[in-house]
Protein chains: 2
Amino acid sequence: MEVSIRDVASRAGVSISTVSRILNNTATVSEKKMLAVKEAMEYYHYEPNQFARGLKKQTSNMIGVYFPNGADSIFEVSYYLELLKGIEKVMAYQNYSMVLISESKETESRKKHTPKYLEYIRQKRIDGLILSGLTNKSVEDNADVVWQIMEEGYPVVYIGKRVHKEGLNVYAQFEQYNVQMIEVLRNSGHKKVLLFMARSHNHYVKGVMDRIHSEIPDMEIFLRVTDSHFEPRDHVLQDIKEYVLRRGCTAVCARGIEDAQILLSVCAELQIKVPEQVSLLSVEHRYDAGTLLYPQVSSFYVPAKDMGVGAAELLIDYIENREVNETSIEYETKYIERNSIRRL
Amino acid sequence: MEVSIRDVASRAGVSISTVSRILNNTATVSEKKMLAVKEAMEYYHYEPNQFARGLKKQTSNMIGVYFPNGADSIFEVSYYLELLKGIEKVMAYQNYSMVLISESKETESRKKHTPKYLEYIRQKRIDGLILSGLTNKSVEDNADVVWQIMEEGYPVVYIGKRVHKEGLNVYAQFEQYNVQMIEVLRNSGHKKVLLFMARSHNHYVKGVMDRIHSEIPDMEIFLRVTDSHFEPRDHVLQDIKEYVLRRGCTAVCARGIEDAQILLSVCAELQIKVPEQVSLLSVEHRYDAGTLLYPQVSSFYVPAKDMGVGAAELLIDYIENREVNETSIEYETKYIERNSIRRL
DNA sequence: CTGTTAGCGCCTTCAT
DNA sequence: ATGAAGGCGCTAACAG
């Protein structure tokens, strides 16, 4: 049996407006009625119906989270997981909830399919949107619509390199820390380095390589651009054989701890000692993730969880019309030296 | 500017009911009006307001997912991640979305705080709920309410050992495969085994130990019950020193690949060879996760993703009043032999 | 096949 | 301080 504001009102012997006032404490109500209403609410376990409330207020207290890069990778790549953790944390204390929006598979029916996250916005299911990884096709196809939405002032925060002048934005210095990784290795005397990058970052690749070539011209970089965020183990095995054993790379840069772990396992299999025979430098998105491996791996720490927190807070502030003093927040990357790099 | 069904109707020169009928294709409409309406919908980028629709139908096409064990662990333990993947997959093709429900921190204000997932149910935000890990306090405190909801026929599927006769349920044979792990080791000649279990599984511990003692009496089990789903590295280091080096365990059972990875790294640090000096047997929730390590670790595979799929499908079938032939699905665990166990 | 209309549950003026 | 009443956008009878 569904209980509505009416039931509460009648049990408490007041009108529904009084109940409503108490719910939203939008006016003072006499102590007596107050108590009666509270009693009735508890009695019925009353909770206001969100459809009705939303119909009036047009707000759902839900925010959408859309990471396009394939459903599975969201739950495998620690970068995304840390972002989610951060977002989740904010949701918990701000009394919002997050809706994970996944692209619905085949909607062949309509040719020009509206992506789900736009649908959710127009349907008012969500009060705001957190986006990351806009290199994905489904978004590029709809870039104009996304922009339009941002321009209309719809609350959107984008995590990553800014794609549009409007909207809120949170990012780390991807290009910069990739260059710094090479610098670190150069400073330890390395000259030939194997560098992994994900194809989804391919719009960064040129920038990174150009800067390396101009700023650190004496380095020989072997670039491996791969489809996913981390490589299947047997590919990595081949890569190590090719670039470390055959071509003589003395160091490898991993994109994340997942990569680093596989690299270490492959090296163990090939009986290549780290760091004695090959050095390893990684990126870590979870703080101290590098200490879980052996040897502990030196890393650039990208504070992904903080970025998630920042994104969510920014979004909610904006939604609730609070002051948003910055529309774009940059997060610092920190180098943590451990024991996986050998000084040549 | 918000566009409503009325705008569409007037531009198409029809009544709102005609538009509604087309939206829900709930009756046949003349070709001509059909086209006019479609045109108007595209023109306005019309999407039906979910509040209004929900107010009428009392259904949101969202399902709640609540895993109590602390927000962070959800995004760290591959068991939960695989469940999420499975659920997510179903959401995508069933046109539902999932709301991750996290306990809101301190709501000291009300003493007897209604947990958020119950709130969401009563507020009609979600059409059904997927729960896992009910050992958590916040749920135990509200066990009566949860049961009441299940008895009222509210759609809930519980992932794990059934806690109540009502409701839908999906589970793996936790007790059984834990015993089988010990059997596998016994069959390879091991007599002293270090076994990790999570505190959140402590209601299983007695059952597992009793069965081991009665079915495999010649084994000496050292049980380590830990707070989280996987141990901090330095704890593991101490454990290995204590149980393997000092007390002479010849094999270790890990609760998941996260554990196994740390164990391998610790063994590397202590220069203990796997499997030559100590054998390792793990549980894996992601298929073939054990092959990413070196040596590849023998595992009991728990099909967590399939369980997530099963849970979500069961739930949606139930919500949509389709036939639910089984109310409880058991998933088989599979032993995969690799290279981490030495025959003594 | 199509239009008119009565709510769905809540919030919010407007009176009192 | 409180109650009555209109309307948010949509669906589903009901009438034609």
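All heavy atoms count here, side chains included; hydrogens, waters and symmetry mates do not. In this text the structure is predicted, and so the values were computed from the model without any measurement. Naming: A, B, ... by sequence-line order, numbering from 1 per chain.
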Within 45° cone of A/Tyr46 ring axis and under 6.0 Å: B/Arg122 NZ or CZ: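 No, a cation-pi geometry is absent between B/Arg122 and A/Tyr46.
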Crowding at CD, A/Glu152 (>12 non-hydrogen neighbours, <6.0 Å):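 Result for CD/A/Glu152: enclosed.
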Length of the line joining [X]:[atom1] and [N]:[atom2], which is rounded to integer Å:
X	N	atom1	atom2	answer
B/Met34	C/dT2	CE	P	10 Å
B/Lys124	C/dC8	NZ	C1'	11 Å
A/Gln123	D/dC8	CD	P	20 Å
B/Ile5	C/dT4	CD1	C1'	14 Å
B/Tyr46	D/dG9	OH	P	10 Å
B/Glu2	D/dC10	CD	C1'	15 Å
B/Asn49	D/dC8	CG	C1'	8 Å
A/Asn24	C/dT13	CG	C1'	15 Å

Of all the nucleotides listed ([options]), which has the minimum atom distance to the side chain of [X]?
X	options	value
B/Arg6	C/dT2, D/dG3, D/dG9	D/dG9
A/Gln58	D/dC8, D/dA4, C/dC8	D/dC8
A/Thr28	D/dA1, D/dT11, D/dG3	D/dA1
A/Ala52	C/dT4, C/dC11, C/dG9	C/dG9

Respond yes when some side-chain nitrogen or oxygen of [X] is under 4.0 Å from OP1 or OP2 of [N], and no when none is.
X	N	answer
B/Ser4	D/dG9	no
B/Lys32	C/dC1	no
B/Arg53	D/dT11	yes
B/Ser20	D/dT11	yes

Side chains of B/Arg53 and B/Leu23 in contact at under 4.5 Å (non-hydrogen atoms):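 Heavy-atom side-chain distance check passes, below 4.5 Å.
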Heavy-atom side-chain proximity of B/Met307 to B/Tyr79 below 4.5 angstrom: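 Answer yes - side chains close enough.
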A/Ser17 or A/Lys56, whichever maps to the more 5' nucleotide of DNA chain D: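 Taking each residue's closest nucleotide, the earlier one in sequence belongs to A/Ser17.
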Polar side-chain contact B/Thr26-D/dT11 base: donor and acceptor under 3.5 Å: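 Flag unset: no donor-acceptor pair detected.
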No-H, no-angle donor-acceptor pair, A/Thr18 side chain to D/dA1 base, under 3.5 Å: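 There is none.
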Electrostatic pair A/Glu119:A/Arg125 at N-O distance under 4.0 angstrom: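 No.
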Pair B/Lys124 + A/Glu2, salt bridge at N-O below 4.0 Å: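 Salt bridge between B/Lys124 and A/Glu2, a charged N being under 4.0 Å from a carboxylate O: yes.
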Touch class at under 4.0 angstrom, heavy-atom based, for A/Val19 against every strand present: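 Counting heavy atoms under 4.0 Å across all strands, no contact is made by A/Val19.
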Sugar-phosphate, base or nothing in reach of B/Ser30, heavy atoms under 4.0 Å: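 If one applies the 4.0 Å heavy-atom cut-off, B/Ser30 turns out to touch the sugar-phosphate alone, with no base involved.
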Closest-nucleotide ordering on DNA chain C, the 5'-leading residue of B/Ser15 and A/Lys57: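 Mapping each residue to its closest nucleotide by heavy atoms, the 5'-most match is B/Ser15.
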